[in-house]
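Structure first, then comments.
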Amino acid sequence: MNPINQIQTPFIQGLTNPNAKPENKVEGFGEIFKQAIQNVNQTQKASDKLTSDLATGQVENIHEVMIASEKASLSLELTMQVRNKVVEAYQEVMRMQV
């Protein structure tokens with residue numbers, strides 16, 4: 001019977017190759033959160049532009065303006081709720097006794 005370490009050796013050797021470089025860069029939470037904030041900001045700016053265009057008479061379809069406004073409002077509300085949950089989780093971790 002072959003020992004277990006001989007069976008696992010080829011599998012482990014492929015994993016510990018120091019010359020292997022990752023092809024895909026994994027984004028961290030901070031980078032993902034930054035992109036989400038930028039998307040919310042772009043949505044807010046688009047809503048503001050459509051609102052000002054409506055006020056000046058450049059937009060005839062009020063439905064587009066209302067949809068953009070609701071999208072901006074919902075994305076901001078979601079962002080605030082995520083922020084609140086992150087702060088709450090941080091505070092909970094800080095209250096833990098070590």
Side-chain angles (χ1 to χ4, degrees):
M1 180 184 283
N2 293 333
I4 293 176
N5 61 2
Q6 290 178 351
I7 294 172
Q8 293 179 350
T9 302
F11 178 72
I12 294 173
Q13 287 175 348
L15 295 177
T16 58
N17 187 357
N19 296 329
K21 296 181 181 177
E23 294 178 11
N24 297 333
K25 181 182 175 187
V26 177
E27 295 180 354
F29 176 76
E31 187 65 30
I32 293 171
F33 195 68
K34 182 179 176 182
Q35 289 174 358
I37 295 293
Q38 288 173 349
N39 289 340
V40 170
N41 189 32
Q42 289 173 354
T43 307
Q44 291 286 331
K45 286 181 180 180
S47 174
D48 289 344
K49 182 175 180 349
L50 282 174
T51 303
S52 65
D53 287 349
L54 179 68
T56 59
Q58 295 175 354
V59 175
E60 295 178 9
N61 193 356
I62 193 169
H63 302 299
E64 292 177 13
V65 178
M66 290 306 297
I67 290 171
S69 175
E70 284 300 312
K71 281 183 181 180
S73 176
L74 286 173
S75 64
L76 182 62
E77 183 68 28
L78 176 65
T79 304
M80 293 302 295
Q81 291 298 324
V82 169
R83 181 196 64 95
N84 291 343
K85 288 294 182 180
V86 168
V87 169
E88 186 180 317
Y90 173 77
Q91 289 173 346
E92 186 67 29
V93 167
M94 294 309 291
R95 276 183 273 192
M96 286 183 184
Q97 303 254 337
V98 183

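No experiment lies behind these values; they were computed from the predicted model shown.
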Residues that, via side-chain heavy atoms closer than 4.5 angstrom, fall in one hydrophobic cluster with Val65: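 Direct or chained contacts put Val65 with Leu50, Leu54, Val59, Ile62, Met66.
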
In Å and rounded to the nearest 0.5 Å, what is the [atom1] to [atom2] distance from [X] to [Y]?
{"X": "Ser52", "Y": "Gln58", "atom1": "OG", "atom2": "CD", "result": "7.5 Å"}
{"X": "Gln81", "Y": "Thr79", "atom1": "CD", "atom2": "OG1", "result": "10.0 Å"}
{"X": "Leu74", "Y": "Glu77", "atom1": "CG", "atom2": "CD", "result": "8.0 Å"}

Side chain to side chain contact (heavy atoms under 4.5 Å, CB included) with Lys49: which residues, sequence neighbours excluded?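 In terms of side chain to side chain contact (heavy atoms under 4.5 Å, CB included), with neighbours along the sequence ignored, Lys49 is linked to Asp53.
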
Salt bridge or not between Glu31 and Lys34? Use side-chain N to carboxylate O under 4.0 Å.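 Lys34 and Glu31: not salt-bridged.
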
How about Gln91 and Met94: do any of their side-chain heavy atoms sit closer than 4.5 Å?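 Not touching, per the 4.5 Å side-chain cut-off.
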
Side-chain touch Phe33/Val86, heavy atoms, less than 4.5 angstrom: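 Heavy-atom side-chain distance check fails, nothing below 4.5 Å.
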
Gln38 atom CD: more than 12 heavy-atom contacts under 6.0 Å: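 Atom CD in Gln38 is packed in, count exceeds 12.
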
Between the main-chain N or O of Ser69 and the side-chain N or O of Ser73, is there a donor-acceptor pair closer than 3.5 Å?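 Such a contact is absent between Ser73 side chain and Ser69 backbone.
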
Return yes if some donor-acceptor pair links the side-chain N/O of Ser47 with the main-chain N/O of Thr43 below 3.5 Å, else return no.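 Not at all, since once roles are kept as given, no pair shorter than 3.5 Å links the two residues.
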
Step by step, would you call Ile67 with Lys71 a side chain to side chain contact (heavy atoms under 4.5 Å, CB included)? CA-CA 6 Å; Ile67 290 171; Lys71 281 183 181 180; 4.0 Å; yes

Should Ile37 and Leu76 be regarded as members of a common hydrophobic cluster, given that ILVMFWY residues are connected when their side-chain heavy atoms come within less than 4.5 Å of each other, either directly or indirectly?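 No; tracing contacts between hydrophobic side chains, which count when under 4.5 Å, never links both residues.
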
Any idea which heavy atoms bring Glu88 and Arg95 closest together, and the distance?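 Closest heavy-atom pair between Glu88 and Arg95: O-NH2, 4.4 Å.
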
